[in-house]
Amino acid sequence: MGKKIRFSLVYRDMWQSSGKFQPRKDQLERIAPAIIEMGCFSRVETNGGAFEQVQLLAGENPNDAVRAFCKPFNNAGIKTHMLDRGLNALRMYPVPDDVRALMYKVKHAQGTDITRIFDGLNDIRNIAPSIRWAKEAGMTPQGTLCITTSPVHTLEYYAKLADQEIEAGAEEICLKDMAGIGQPAFLGKLTKMIKTKHPDIIIEYHGHSGPGLSMASMLEVAMNGADILDTAIEPLSWGKVHPDVISLQSMLKNAGFDVPEINMNAYMRARALTQEFIDEWLGYFINPQNKVMSSLLLTCGLPGGMMGSMMSDLGGIHDTINNLRRKKGDVELSKDDLLIKLFDEVAYVWPHVGYPPLVTPFSQYVKNIALMNLLTMEQGKGRFVMMDDSMWGMILGKSGKVPGDITPELVELAKKQGREFTNADPHTLLQNALSDFRKEMDENGWEYGKDDEELFELAMHPEQYRNYKSGQAKKNFLADLQSAKDAKLGSSTTPEQLSAYKHAKADAIVAPVKGQVFWEFQGEGEATPAVEPFVGKKYAEGDAFCYLQAPWGEFVEVKADLGGKLVEINAKQGAKVQKGDVIAYIEREH
């Protein structure tokens with residue numbers, strides 16, 4: 001019998017790479033026994049990046065969900081693991097040291113055994129502290145190599161990072177092929193290099209199936225010493241997600257590896273339950289494009305999970321670019337034309353900003369720079385005109401050191417704008433914050449929770465946690481769900497479905513895109529500053545409430561939803577808001 005290969009079910013990432021939300025606590029409790037009975041998984045991913053944030057956005061307590069999902073696997077002797085983003089922990093922006101250290105204590109107490117620690121720049125300074133805190137808390141720290149293909153991402157580059165992570169205390173190494181563009185032969189050689197030097201280190205491979213290389217990559221890493229492979233199950237396997245465990249097991253068994261058997265009755269139950277969750281509500285947030293594999297992903301290197309948001313962004317900028325082209329007498333672009341232009345522009349931008357591995361949040365930054373370049377070039381302004389502080393932070397070194405060199409063009413632009421590059425250790429730029437969050441909880445009379453888990457949630461996701469505690473998150477989610485149902489079902493929406501979100505006393509008017517608030521709009525691309533609406537003003541269902549000027553210049557109408565009386569304004573004229581921010585609250589007339 002050949003080498004033993006174990007499987008890990010990435011149930012959290014299956015959902016994260018498919019759509020917007022995660023299953024609820026009660027759904028996770030229902031599917032755990034079926035996953036265990038399948039008998040083929042030595043590990044299950046139970047929480048991590050975005051899992052807890054989207055639970056809060058749905059009005060659910062993420063701590064209850066994590067504990068409930070971990071418990072049956074803990075009892076069955078199946079290891080649980082999570083994904084964390086190093087300096088960014090469980091969110092999209094940096095987290096202070098004291099909050100990061102608390103995370104590992106909370107996660108271990110909740111039943112999570114292993115933490116997969118990655119950094120979007122592969123900067124050991126962002127990874128090493130988390131390895132130390134995880135070990136101190138009793139967790140198994142898994143160091144991660146974010147895999148991509150570029151002139152600077154060589155075998156030697158990755159082997160050195162693995163050495164650094166192991167020296168810092170990592171007990172395992174994960175090859176995180178987040179876009180699935182890692183070349184199979186390269187990954188096989190890298191696995192052999194690490195395993196030869198560190199024979200006792202467990203190596204786990206995580207590869208998305210988007211461009212179609214991951215099955216070949218899994219065979220190569222297995223043949224060169226990998227121990228564990230991440231996999232998925234239907235109906236959320238393949239597409240931009242991960243290969244299905246049935247195909248993976250078949251391939252490896254035929255190649256002579258010792259692989260676990262699959263209880264197919266349990267597989268079908270888990271498959272049916274997952275489909276039930278999709279049909280109940282999560283399916284309304286799954287972009288159909290995420291079910292499709294695409295070789296085009298090889299050219300741009302963007303993670304498959306970004307395709308849904310990227311297509312939405314393209315839809316927003318498409319009309320604006322074609323309006324500009326019409327005025328110039330140029331041929332209009334189809335969405336496919338624009339998609340190829342975006343992929344090409346990402347390929348242009350990526351080396352200019354130093355080849356950051358295209359993983360959260362840097363994949364979003366690079367994509368956004370490319371998207372804005374397409375607009376500003378049509379406007380005749382050239383490239384790199386519309387970059388926010390987050391994009392510049394990546395370039396300037398505030399999030400860590402990029403693997404390559406920043407192009408002289410951007411160095412000179414930074415100098416002209418008075419921006420300074422830094423070599424400082426990123427986590428030293430942040431001040432500890434737990435004392436302020438403790439004060440807030442004390443003032444609100446909120447409990448810190450078992451093992452300080454509620455304190456941790458507030459500190460990690462402040463705005464989402466506050467909305468969860470006030471009940472507004474549930475109201476927002478029900479409105480969001482109903483909007484998605486209306487769009488999908490049209491006139492077939494039932495009175496019972498409508499009543500599910502009309503029960504709330506006040507509805508939040510939420511920003512559909514990032515942008516700047518204007519109260520009046522003249523058309524032809526101009527907004528008129530105006531006196532803000534007064535509290536008490538009444539709106540009919542579907543009335544225009546305000547307008548947002550998106551970063552790409554387009555004006556987006558924000559409707560008053562079901563109408564009613566304006567009871568609170570949260571954004572002033574000209575205020576800049578993020579997608580999902582609450583602009584105002586309207587109370588329906590009864």
Side-chain angles (χ1 to χ4, degrees), residues 6 8-13 28 32 41-53 55 62-91 95-119 124-146 161-162 164-176 198 200-204 206 227-228 230 427 434 449-457 459-461:
R6 292 178 286 162
S8 174
L9 179 65
V10 283
Y11 202 70
R12 182 224 45 113
D13 200 3
L28 295 169
F41 298 116
S42 66
R43 298 182 172 189
V44 176
E45 185 188 45
T46 50
N47 67 312
F51 178 93
E52 299 182 17
Q53 187 175 24
Q55 292 280 343
N63 294 311
D64 292 345
V66 172
R67 287 185 183 272
F69 198 34
C70 286
K71 185 176 180 180
F73 299 116
N74 296 156
N75 293 340
I78 294 174
K79 294 288 187 179
T80 59
H81 65 103
M82 63 178 285
L83 178 72
D84 85 74
R85 297 166 176 157
L87 183 66
N88 292 358
L90 299 182
R91 66 191 189 195
V95 177
D97 283 1
D98 57 349
V99 180
R100 287 172 68 189
L102 176 61
M103 178 177 75
Y104 299 103
K105 295 177 182 177
V106 169
K107 295 301 114 187
H108 182 256
Q110 290 177 337
T112 307
D113 301 306
I114 304 162
T115 181
R116 177 174 296 168
I117 305 161
F118 81 90
D119 175 60
I124 188 63
R125 297 174 301 173
N126 292 337
I127 299 170
S130 290
I131 291 175
R132 183 178 75 253
W133 292 322
K135 288 177 77 74
E136 289 173 353
M139 297 185 76
T140 299
Q142 186 182 80
T144 305
L145 316 180
C146 290
L161 178 58
Q164 291 175 325
E165 292 180 345
I166 293 168
E167 184 180 356
E171 299 172 25
E172 303 180 0
I173 292 292
C174 174
L175 309 185
K176 180 178 170 62
H198 307 281
D200 296 329
I201 289 291
I202 291 174
I203 297 180
E204 187 165 352
H206 176 93
D227 303 283
I228 306 172
D230 284 0
H427 80 106
L434 278 179
K450 189 176 182 180
D451 302 302
D452 284 341
E453 62 186 10
E454 297 298 314
L455 170 64
F456 165 73
E457 288 300 335
M460 184 60 63
H461 305 298

All salt bridge (Lys or Arg N to Asp or Glu O under 4.0 Å) counterparts of [X], not counting sequence neighbours:
X      : result
Arg67  : Asp451, Glu453
Arg12  : Glu45
Lys135 : Glu171
Arg125 : Asp123

Here the salt bridge (Lys or Arg N to Asp or Glu O under 4.0 Å) pairs for residues 96-108, sequence neighbours left out, are Glu52-Lys107
If a pair satisfies salt bridge (Lys or Arg N to Asp or Glu O under 4.0 Å) and one of its residues is in residues 74-89, list it, with sequence neighbours excluded.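 The answer is none; no pair qualifies.
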With the side chain counted from C-beta on, respond yes when [X] and [Y] share a heavy-atom pair under 4.5 Å apart, and no when they do not.
X      : Y      : result
Leu90  : Met82  : yes
Leu83  : Asp13  : no
Tyr104 : Ser130 : yes

Identify, with sequence neighbours excluded, every residue that meets side-chain hydrogen bond (donor to acceptor under 3.5 Å, both in side chains) alongside [X].
X      : answer
Asn126 : Asp119
Asp452 : none
Gln164 : none

Hey, does the side chain of [X] reach the backbone of [Y] with a donor-acceptor pair shorter than 3.5 angstrom?
X      : Y      : answer
Arg91  : His461 : no
Thr112 : Thr80  : no
Thr144 : Ile117 : yes

Quick one: ring pair (Phe, Tyr, Trp, His ring centres under 6.0 Å) partners of His81, sequence neighbours excluded? none
Applying ring pair (Phe, Tyr, Trp, His ring centres under 6.0 Å) to Phe73 and not counting sequence neighbours gives Phe69
State which residues pass side chain to side chain contact (heavy atoms under 4.5 Å, CB included) with Ala65; sequence neighbours excluded, sorted by chain then number. Lys25, Leu28, Phe51, Gln55
What is the minimum heavy-atom distance between Ala170 and Ile131, and which atoms define it? N-CG2, 3.6 Å
Looking at Glu167, I want to see if its CD is surrounded by more than 12 non-hydrogen atoms of other residues, nucleotides or ligands under 6.0 Å.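 No - once you tally the heavy atoms of other residues, nucleotides and ligands closer than 6.0 Å, there are 12 at most.
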Carboxylate-amine/guanidinium proximity below 4.0 Å for Arg6 and Glu172: no
